[in-house]
Amino acid sequence: MSDAFRPKSDFLATLIERGFVHQCSDFEGLDEKARSGELVAYVGFDCTAPSLHIGSLLPITLLAWLQRTGGKPLPLLGGGTTRVGDPSGKDESRKLLSIETIEANKASIKTVFEKFLSFGDGKTDAVMLDNAEWLTKLNYIDFLRDVGRHFSVNRMLSMDSVKLRLEREQELSFIEFNYMCLQSYDFVEIAKRYGASLQMGGSDQWGNIVMGVDLGRRLGTPQLYALTSPLLTTSSGAKMGKTAAGAIWLDGSMLAPYEYWQYWRNSEDADVVRFLKLFTFLPLGEIAKLAALGGAEINEAKKILATEATALLHGREAAERAAETARRTFEEGALSLTLPKVAVPASEVVAGIGVLTAFVKAGLVASTGEARRQIKAGGLRVNDAAVTDEKAILGETDFAEGVAKLSLGKKKHVLLEQVSE
RNA sequence: GGGGGAAUGUCCCGAGCGGCAAAGGGGGCGGACUGUAAAUCCGCUGGCUAUGCCUUCGUAGGUUCGAGUCCUACUUCCCCCA
């Protein structure tokens, strides 16, 4: 990033201050555009899974800031491009998904954006796009004549995403190679249809985005811009959004708000300030105060991070509830009935459930074998009492108030809830 | 078209004289220490109705008391020659 550059627009000033910017094709030009109040920008999202995960949060937040600073955000679902597969940053070819799967994913992903953006017909209202709309209608010959002639294979071969695969002598199929052409074409198409002049994305998208900027110039669109956010890792270098339990999904039905809250609560010390700037809308002044906290006090900042981040995604109420559940569970050591629950028929309780099975049912362990191992390691507890006998049976006495609290380690708790069938 | 390699525990990388549930990492999980942190140390890291049984080493056959290991065919990937 250029040191001499002083942003005059709220949009760029905010993004830079908060650490969202990795690269930009033209800071001055984009700044000017943003100041004019006519900035329309889009970010593309893959539809490879039924929910986006934390990795997509940064680009979503970019769109949200754009809207808050007077721009018009266009989230784009890659209904068309997902059928092709992006090679960027991947070592191996991605499996092709069926069209039905993509459509289903698309429907389920859409809902996330409504949490962060306000949609409508107004000037700064967000509009949801889907590139299937124009990509699937493309005619191959026309595309080659009109667009294909502007792509230099020499240049594409020199792009990092391609070069890497070639250097490692890994397969790069023709359709993956075409992905970037389609993405470039998207940019131009969206510029024409919706007046977008900026495409944002993660730093791995830089090459693809800049190619779109170029294509726009050749096809005579107004000046286009590229802006990328840094690839996020935790301070210890781990990629964000992956845990053993799986990805940190944004969809509440795939990851409960309480678990989402916990994810942020467990951030490393060194990440807290950075995350507050990126994943909450708290004013920088307030974040600075939290940054001053040292030692164990930083836990307060983590709670605020967790609650604010959760509130953005799942709503204030759910966030407060998660915070309260955590407070009761961790700080009071009390049984909180709002922990994640798994239902068990009363008849099974009366008959007695083996501990091993119970933990598998609760989803805390993957198999009875793992349950056995965890018992040996001292990692399982029922109602806060360590499980020592793998043959133990949970019966009615363990279900005080109809629930039994099962814990794995110190942080993961699930309630088995007795229900009459 | 010809010749030569390679595919290992469904997270990844990677050893593996014919007796192998298979070395070693990384990652992950649990324990100790802490602050629901990091670092460090320790343990675990196929499944099950479990002193036993079942399923794993690209796919399918074969040799053998016994195959990840040997043979054959096939699939995929890589290298060299054309």
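Per chain, numbering begins at 1; letters A, B, ... match sequence-line order. Quick note: numbers below take in every heavy atom, side chains included, and nothing from hydrogens, waters or symmetry partners.
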#### Entry: Paired nucleotide for A50(B) [Watson-Crick or G-U wobble; both distances under 3.5 Å]
none
### Message
Going by the glycosidic torsion and a 90 degree boundary from 0, is the base of C54(B) oriented syn or anti?
### Response
anti
#### Entry: Nucleotide nearest N266(A) (side chain, heavy atoms from C-beta), chosen from U36(B), U45(B), U34(B)
U36(B)
### Query
Across the strands shown, which category fits K302(A) at heavy-atom distances under 4.0 angstrom: base, sugar-phosphate, nothing?
base
## Note on the structure
Winner on side-chain proximity to A296(A), out of G47(B), G35(B), U36(B), is G35(B)
### Query
Counting side-chain heavy atoms from C-beta on, which of G47(B), G35(B), G30(B) comes nearest to A377(A)?
G30(B)
### Query
Any N or O donor-acceptor pair linking the side chain of K410(A) to the base of U34(B) at under 3.5 Å?
yes
### Query
How would you label the contact of R265(A) with the nucleic acid (heavy atoms, under 4.0 Å): base, sugar-phosphate, or nothing?
base
### Message
Regarding K412(A), tell me which of base, sugar-phosphate or nothing describes its non-hydrogen contacts under 4.0 Å with the strands shown.
### Response
sugar-phosphate
### Task
Please state whether the phosphate of A37(B), meaning OP1 or OP2, lies under 4.0 angstrom from any side-chain nitrogen or oxygen of S267(A).
no
### Query
In whole Å, what separates the P atom of C13(B) from that of G58(B)?
14 Å
## Note on the structure
Per atom distances to the T368(A) side chain, the nearest of A37(B), U45(B), A50(B) is A50(B)
### Message
Determine whether a donor-acceptor pair (N or O, by modelled atom type, separation under 3.5 Å) exists between the side chain of E348(A) and the backbone of I353(A).
### Response
no
### Message
Can you tell me if K411(A) touches the phosphate of A37(B), counting only side-chain N or O atoms and a distance under 4.0 Å to OP1 or OP2?
### Response
yes
